[in-house]
Amino acid sequence: MPDVTVGGLTATQSLNVGAFMSTTEAAPMDFSQFGHAFAELVLVPEVIGPRLEALLPSEIKVTEDIAIVRATVRGAATVGSIEELELEVDELSTLRRHRAWVDINLSLRLGMKLTREDYAVSGTFPIILTSRVEEPLSLVVDVDPPEHSDIEVTVSGGGRLNLAKKVGGLDGRVRDHVVRIVEEMVDQTEMHRRFDVVALVHAALAGMDGDGQAGGGVYDLTVETELDLDEASGRDPELDAVEAEA
């Protein structure tokens with residue numbers, strides 16, 4: 001199936017409609033069974049992960065003046081592993097919670113008028129995602145920013161002046177920026193944390209055209225058949241005449 005993008009996700013990532021609909025030999029579902037199975041299908045890491053990836057900034061750029069030193073950060077954050085957390089909810093509840101680990105890889109440059117030093121910053125932090133299905137039929141994902149103490153940061157590299165040590169507290173500054181970035185992401189992406197499940201179904205079904213499952217096209221058939229004439233009646237004079245002219 002070709003990828004059809006809806007709200008930052010491809011239909012094949014978000015909704016494996018083919019797998020969901022392949023129940024030709026199974027017993028019919030009632031509405032409650034269908035709703036439960038449908039929620040189980042969309043409230044999984046394979047759907048939540050790309051959703052979070054779409055919320056994260058594609059590139060991180062931060063510039064901060066620390067006394068006479070200018071700190072410039074460039075890099076990206078990517079979603080790593082995602083694990084489901086247990087919740088004590090009713091069996092038919094659509095409420096689910098996941099912990100996603102986000103990896104950060106940044107380049108840090110500390111510069112003064114006459115010198116500069118480059119550092120590598122790596123780290124990881126958790127984001128808690130609470131997802132549910134709401135009316136009108138939509139998947140909603142709430143994002144809880146990480147605590148300052150949950151963000152792991154490692155700074156390496158530098159030069160002979162060791163500006164990072166002289167500036168001090170760089171790991172703490174990086175943590176502050178991470179918290180700020182995630183908080184701003186949550187504030188600015190309210191509309192993107194809800195997506196229409198029906199639109200995803202329609203997009204996925206439209207994408208099935210590429211698998212040859214849609215109608216249309218030309219029906220072309222050629223058949224050759226021998227006439228089996230009754231031996232008692234002999235040859236048909238009209239057929240004999242047509243055959244003689246051919």
Side-chain angles (χ1 to χ4, degrees), residues 5-16 19-20 35-60 62 73 75-106 108 120-135 137-156 170-197 200:
T5 302
V6 177
L9 289 181
T10 62
T12 49
Q13 288 175 319
S14 306
L15 202 56
N16 189 344
F20 184 71
H36 184 267
F38 194 87
E40 287 291 318
L41 180 68
V42 299
L43 298 173
V44 293
E46 290 80 7
V47 174
I48 304 301
R51 197 68 212 129
L52 174 60
E53 192 81 55
L55 296 178
L56 291 173
S58 58
E59 185 177 6
I60 296 173
V62 178
V73 174
T78 56
V79 179
S81 62
I82 301 178
E83 57 184 336
E84 184 170 354
L85 304 178
E86 289 189 8
L87 283 176
E88 294 183 3
V89 294
D90 184 83
E91 182 182 359
L92 295 181
S93 171
T94 64
L95 191 67
R96 297 292 184 274
R97 185 164 293 160
H98 296 82
R99 179 189 291 115
W101 290 96
V102 179
D103 301 320
I104 52 174
N105 291 283
L106 310 171
L108 167 65
V121 180
S122 60
T124 185
F125 61 91
I127 289 182
I128 303 299
L129 307 167
T130 303
S131 54
R132 62 192 178 278
V133 176
E134 289 186 354
E135 294 183 353
L137 191 55
S138 303
L139 175 60
V140 178
V141 180
D142 291 328
V143 181
D144 293 331
E147 297 291 336
H148 195 277
S149 58
D150 292 334
I151 305 171
E152 298 181 5
V153 175
T154 301
V155 180
S156 58
L170 280 179
D171 53 349
R173 293 179 184 275
V174 171
R175 291 188 182 95
D176 291 340
H177 286 302
V178 167
V179 172
R180 185 179 300 112
I181 288 170
V182 176
E183 288 177 343
E184 291 179 358
M185 175 193 79
V186 172
D187 292 338
Q188 296 175 7
T189 57
E190 174 65 30
M191 63 179 296
H192 299 299
R193 290 186 286 125
R194 174 188 293 269
F195 63 95
D196 188 346
V197 175
L200 286 173

For [X] and [Y], which heavy atoms make the closest approach, and how far apart are they?
X      : Y      : answer
Pro146 : Val182 : CD-CG1, 3.9 Å
Gly75  : Leu106 : CA-CD2, 3.7 Å
Pro126 : Asp150 : CD-O, 3.5 Å
Ser58  : Ala76  : O-CB, 4.1 Å
Ile127 : Asp144 : CG2-O, 3.8 Å

Measure the [atom1]-[atom2] distance between [X] and [Y] for me, rounded to the nearest 0.5 Å.
X      : Y      : atom1 : atom2 : answer
Ile104 : His177 : CD1   : NE2   : 11.5 Å
Glu83  : His98  : CD    : NE2   : 9.5 Å
Ile181 : Ile60  : CD1   : CD1   : 4.5 Å
Leu129 : Arg97  : CG    : CZ    : 10.0 Å

Neighbour count above 12 (heavy atom, 6.0 Å) for Glu147 CD: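 Check fails, neighbour count at 12 or below.
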
Go through the structure and list residues passing side-chain hydrogen bond (donor to acceptor under 3.5 Å, both in side chains) with [X], not counting sequence neighbours.
X      : result
Glu152 : none
Asp176 : His148
Arg132 : Glu134, Asp142

Minimum side-chain heavy-atom gap Leu85-Ile128 below 4.5 Å: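 In short, these two side chains touch, coming nearer than 4.5 Å.
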
Val121 side chain reached by Val73 side chain, heavy atoms, under 4.5 Å: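 Answer no - side chains too far apart.
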
Any donor-acceptor pair under 3.5 Å from Thr124 side chain to Val102 backbone: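 Yes: the side chain of Thr124 pairs with the backbone of Val102.
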
